[in-house]
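In what follows, chains carry the letters A, B, and so on, assigned in the order in which the sequence lines appear, proteins first and then strands, with residues in each chain numbered from 1. Just the heavy atoms: all of them, side chains too, but no hydrogens, waters or symmetry mates, feed the values below.
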Protein chains: 2
Amino acid sequence: MASLILHEDPVSGNCYKIRLTASLLSVPLERRLYNILKGETRTPDFLAKVSPYGRIPVLQVGDAALLPESNAACHYIAEAYQSSCNLIPADLLQRAQMLQWMFFEQNQHEVNIATLRFWLSIIGEDNLTAGQRSQIAGKREGGRAALTYMNEHLAKAEGGWFVGGRLTLADICLFAYTHVADEGGFDLNEWPHVQTWCKKLAAHSGFVAM
Amino acid sequence: MASLILHEDPVSGNCYKIRLTASLLSVPLERRLYNILKGETRTPDFLAKVSPYGRIPVLQVGDAALLPESNAACHYIAEAYQSSCNLIPADLLQRAQMLQWMFFEQNQHEVNIATLRFWLSIIGEDNLTAGQRSQIAGKREGGRAALTYMNEHLAKAEGGWFVGGRLTLADICLFAYTHVADEGGFDLNEWPHVQTWCKKLAAHSGFVAM
């Protein structure tokens with residue numbers, strides 16, 4: 001198997017997903033750290049060698065292949081290193097349902113909850129632009145709708161996992177920013193099934209904390 | 001194979017992706033139409049029977065299974081009905097690269113380009129709220145960055161397709177809102193490789209227009 005190098009910033013939940021996937025599958029992962037706030041993913045060297053788009057995470061596979069997009073990197077690792085802890089369902093419909101939650105995460109969860117966490121806890125509310133400030137209410141509403149949808153699904157989900165009664169990439173990708181949603185101003189006590197599911201994942205064999 | 005029913009609004013690019021995937025694979029798809037602007041996806045009946053989240057598209061597989069999220073629905077159809085026109089690469093890394101562009105589409109393309117198209121050409125700029133209006137500049141910048149990233153990738157992409165030198169779901173999912181980006185105020189003349197790629201896809205055997 002090709003060696004894996006993760007280009008990441010440890011404050012990023014998108015980067016953490018990949019470390020969590022690798023940890024659950026006992027896959028070795030070399031880490032290269034960058035500080036987003038110091039502009040370390042916008043240097044000419046980073047843009048030339050890691051990503052012309054200036055974003056992390058990027059999963060480097062072997063010497064040459066560079067794979068951006070956190071959920072795609074998790075999928076690559078889970079497919080490449082299937083083991084006793086298989087994170088992708090064998091069933092066709094369940095596999096699509098896993099992807100459904102992963103796309104939901106990128107389209108309706110991360111853009112609201114991760115962004116609010118970044119703005120409020122990492123940049124700091126006082127340092128936001130007027131344009132960012134004007135989006136807080138909309139992102140609060142979008143994040144609440146996403147957590148409510150997850151909570152309703154988990155209330156009746158088999159085994160308390162998102163898909164097929166067992167841990168899959170859907171849980172891992174949604175966990176990354178959900179379990180730190182309080183840093184974006186969301187109180188998980190409002191969504192008890194989400195809270196129970198977070199505890200269940202954190203107790204899973206092979207779990208690694210953010 | 002289970003019958004497929006697409007719950008959709010024909011103005012939605014997310015719904016169109018699924019019709020395009022089915023058309024390219026010659027898979028029969030029954031259509032059920034709803035008008036988002038008339039609130040037809042928020043009725044008690046829709047919320048109870050199609051999606052508690054009130055969103056479309058939803059792909060109904062057989063009698064019971066309901067699959068939201070456009071890119072997951074495309075993936076389901078392509079996996080279930082692989083044929084002479086295989087839209088998912090057999091190679092592990094290329095499969096991850098296909099997913100990379102599909103996640104990019106939902107996280108950085110659709111949220112900017114599709115939203116501006118919806119606001120400017122469907123709702124109409126005069127009918128926007130102050131909150132929506134304040135986001136136009138940011139979404140314009142995000143959409144431009146996404147199109148520039150695509151253009152640079154296509155400039156050196158094998159065969160002029162996003163992944164592996166042939167048509168995959170990455171192309172289909174990105175095409176849906178790119179080819180109507182002018183309705184969101186983007187002039188594709190600025191991104192000539194994107195324009196060439198749009199024409200190439202529209203000329204592909206099995207193509208169906210939006």
Rounded to the nearest 0.5 Å, how far does CE of A:M102 lie from CG of B:N71? 12.0 Å
Within this structure, what is the OH-CG distance for the pair A:Y76 and B:L92, rounded to the nearest 0.5 Å? 5.0 Å
With a 4.5 angstrom heavy-atom cut-off, which part of [X] approaches chain B: side chain, backbone, both or neither?
X      : value
A:A146 : both
A:M98  : neither
A:Q132 : neither
A:E110 : side chain
A:P52  : side chain

Taking every heavy-atom pair that is under 4.5 Å apart, which of A:G138, A:S134, A:A72 has the most such pairs with chain B? A:A72
Can you tell me which of B:H75, B:E105, B:Q108 forms the most heavy-atom pairs within a distance under 4.5 Å of chain A? B:Q108
Choice from B:H153, B:R95, B:E152 maximising heavy atom contacts with chain A below 4.5 Å: B:R95
More than 12 foreign heavy atoms under 6.0 Å from [atom1] of [X]: is that the case here?
X      : atom1 : answer
B:D63  : CG    : no
A:N127 : CG    : yes
B:E190 : CD    : yes

Mind listing the closest non-hydrogen atom pair of B:F103 and A:L99 along with its distance? CZ-CD2, 4.4 Å
B:Q97 side chain to A:E69 side chain, donor-acceptor N/O pair below 3.5 angstrom: no
In terms of relative ring orientation, are A:Y149 and B:Y53 parallel, tilted or perpendicular, with 30° and 60° separating the classes? parallel
Looking only at atom types and distance, does a side-chain atom of B:N107 sit under 3.5 Å from a main-chain N or O of A:Q106, one as donor and one as acceptor? yes
If I measure from the heavy atoms of chain A, does B:A78 come under 4.5 Å with its side chain, its backbone, both, or neither? neither
